[in-house]
Amino acid sequence: MFVTITFPDGSERRYESGVTGAEIAASIGPRLAKAAVAVKLNGVPTDLSRAVTQDGTVEIVTEDSEEGRHVLRHSAAHVMAQAVLDLYEGAKFAIGPPITDGFYYDFQVEHPFTPEDLDRIEARMAAIVAEDQPFERDELSVPEALEVFSDQPFKTEIIESVDEQEGAGGSEVSVYRNHAFVDLCRGPHVPSTKRLKAVKLMRSAGAYWRGDENREQLQRIYGTAWENKAALAAYLERLEEAEKRDHRKLGQELELYSFPSELGSGLAVWHPKGGLLRTIIEDYSRRTHLAHEYEIVATPHVAKADLWQQSGHLDFYAEGMYPGMVLDDSTEYRMKPMNCPFHILIFRSRSRSYRELPLRLFELGTVYRYERSGVIHGLMRARGFTQDDSHIFCEEKDIAAELQNLLDFTLMVLRDFGFTEFEADLSTKDPEKYIGSDELWDKAEDALRLALETADLPYDVAEGEGAFYGPKIDVHVRDAIGRRWQLSTLQVDFAQPENFDLLYATDHNTRERPVMIHRALMGSIERFVGILIEHFAGALPAWLAPIQATIVPVADRHIDYASEVADRLRAESLRIEVDSADDTVGEKIRRAITQKHPAVLVVGDTDIAEGTAGLRLRGEDERRGVKVDEVAATLADMCRLPR
RNA sequence: GCCGGGGUAGCUCAGUCGGUAGAGCGACGCACUCGUAAUGCGUAGGUCACGGGUUCGAUUCCCGUCUCCGGCUCCA
């Protein structure tokens, strides 16, 4: 008996029936055999040891592919659980999946793990790896499995839920054994523990069983695993790089902002350079909105609780709001968590005609949200922040055009700030929880989808993830080190126009309800600054840099000339600083570079004589003796606003 | 909010097995007047997060609060 195997390149080979993935890999080449960790049979990931008895396609999964690392990490999670169960008597283990860049496993143990515990566990894992224990697959019936895991309540719960899904009786679960350790698992796994050549435990943390905060809190250990030590080292270096970019650290080093504990958690103060950066961004935002037919409004930070009642916030969002302030004996006020009700009141302040639609009200609106203390993270998740917020009131028939227009505008803005890679999520109707007609939802979803397709934006559909009042698009960007950040959100809203009974007069003088689009492009100015800082590692594009050039006089006698050059450059609207401190030239250059200034000028005797300066642009070599007019032209060009 | 770990000079950190503390950088002063990533010397600077308890004595041990970090949950 023979089987015919088709490979990814289309070639075919015949093997004796019962051949294993490992043997197939070996038949192709010894290096492939060595790198193989699993095999995909007809697209299904499978152990290398599994016998192949039917014709089909085979793809060898190697340890240096994403899928291969997935297998490594899954196996590493097993070995970690094995080590923990060896070392901690009575430990219960829950689930341990591979994740991006690593794996974790959740345990219930008497005491939370300390860093020393992690060292012990890592050492035990190394011993298990050295023992070269083979992973063996076994299939058990549900009752058998329940017997094997009788003292493991979490495993029991998983098996029982498998049973429910598959229907009682007859269903099987697979388990993997290595040595005395056995775990419930779909697989596949590496052939043996010795394939785990580069594993490191990273940290421990609390985590709720099944992600439910009402259930047991377990102790999770995170680890990472790679195909070799070099890949592990590269990963750790990447983490370090990300740490260097941390906007909280850079914000302090570059004197942009701080979070004084006296203010309370999640509240930032902006220092002069950060204030300038914000202003540059806000000016850009106002300018571009005005150029795109938005109208700028301004609204207060508090409003009567009645308003939040009418908008539905007190019913649906109360725990995210700061508590009320009762004034004049009876009237309660609340800080605003959103700007929409104010913009709605502006819309409703007089009767509106179809001729004024779409009406686009824009505000850099500061809102306050009482985020749970554990979620606050620098500027990324704060309790007070400013949204570049707009509410667009339009006729139902115009939704599609307006959304397309809006998505183009969004991408233009993000590109202006140096982002080049975009992805989107389209969140659709939750069939359990929504208001408005199906017809309207379908229309809005189609309009959003069309806008995404017209903009040629790759997107995922998040089925049922829309808010109860309408579907939405979230736009994500990729930063310089590949991380994904959600920035813009475009949300169709059927509820608020209803809540506030908004109407406009049509061309037949009938009354219709407008549709509202709720959108923020940068999301929040604070968060946006944080993402920019991390994206550029603090080295902001010249047009955003609070200081665009530093002038370094070589000696005190050159200070006057430095000031003249500074004035000449300031006449070009450049932001210039003269560093006249009593330090060496080298020290001043170093400071300017460390502070990520886009340009450094050095002026000395020869420059005074010739009307020149030494020019050193970020990332380039110095050029001496550049005419000041040329410096001005170069810098003005480099610092030009995107629009 | 939950679990774990922190909070010592402006910053980064060391230290005190309970007897009120130290470095580097920064700041300030003096000398140097310097040509592309740290000139030298000196000086000042701390209620050891805050409140309470134990103790002859607490920065150190205990409790509480605030706050930060890493996760979990959450992110309309």
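Quick note on labels: first sequence line is chain A, next is B, and so on, each numbered from 1. In this text the structure is predicted, and so the values were computed from the model without any measurement.
Listed pair A:Arg624 / B:G35 fails the phosphate criterion, with no side-chain N or O lying under 4.0 Å from OP1 or OP2. Under 4.0 angstrom from either OP1 or OP2 of B:C34 there lies at least one side-chain N or O belonging to A:Arg557. A:Gln252 has a side-chain polar atom (N or O) that falls below the 4.0 Å cut-off from OP1 or OP2 of B:U12. Regarding contacts with the backbone of B:C34, every side-chain N or O of A:Thr584 stays at 4.0 angstrom or more from both OP1 and OP2. At B:C66, none of the side-chain N or O atoms of A:Ser261 fall inside 4.0 Å of OP1 or OP2 (strictly under the cut-off). Put simply, A:Tyr222 has a side-chain N or O that comes within less than 4.0 Å of OP1 or OP2 on B:C72. In this model, the phosphate group of B:C68 is approached by a side-chain N or O of A:Ser265 to a distance below 4.0 Å at OP1 or OP2. The phosphate of B:G70 (OP1 or OP2) has a side-chain N or O of A:Arg248 nearer than 4.0 angstrom.
The aromatic rings of A:Trp441 and A:Phe494 sit perpendicular to each other, their planes meeting at more than 60°, with 30° as the lower class boundary. Ring geometry, A:Tyr322 versus A:Tyr370: the interplanar angle exceeds 60°, so the pair is classed perpendicular (tilted spans 30 to 60°).
You'll find the side chain of A:Ile95 reaches within 4.5 Å of the side chain of A:Trp209, heavy atoms only. Looking at heavy atoms from C-beta onward, A:Ile346 lies in side-chain contact with A:Thr299 at the 4.5 angstrom threshold.
One N or O donor and one acceptor, one from the side chain of A:Tyr208 and one from the base of B:G1, sit under 3.5 Å apart. At a cut-off of 3.5 angstrom, counting only N and O atoms as typed in the model, there is no donor on one side facing an acceptor on the other between the side-chain of A:Asp212 and the base of B:C72. In terms of polar N and O atoms assigned as donor or acceptor, the side chain of A:Arg369 never comes within less than 3.5 Å of the base of B:C74 in a complementary pairing.
As judged by a 4.0 angstrom heavy-atom cut-off over every strand, A:Arg372 is placed among the base-contacting residues. Residue contacts shown for A:Asp607 include a base, since a base heavy atom lies under 4.0 Å away.
Spacing between atom CD of A:Glu262 and atom P of B:G10 amounts to 12 Å, rounded to whole angstrom units.
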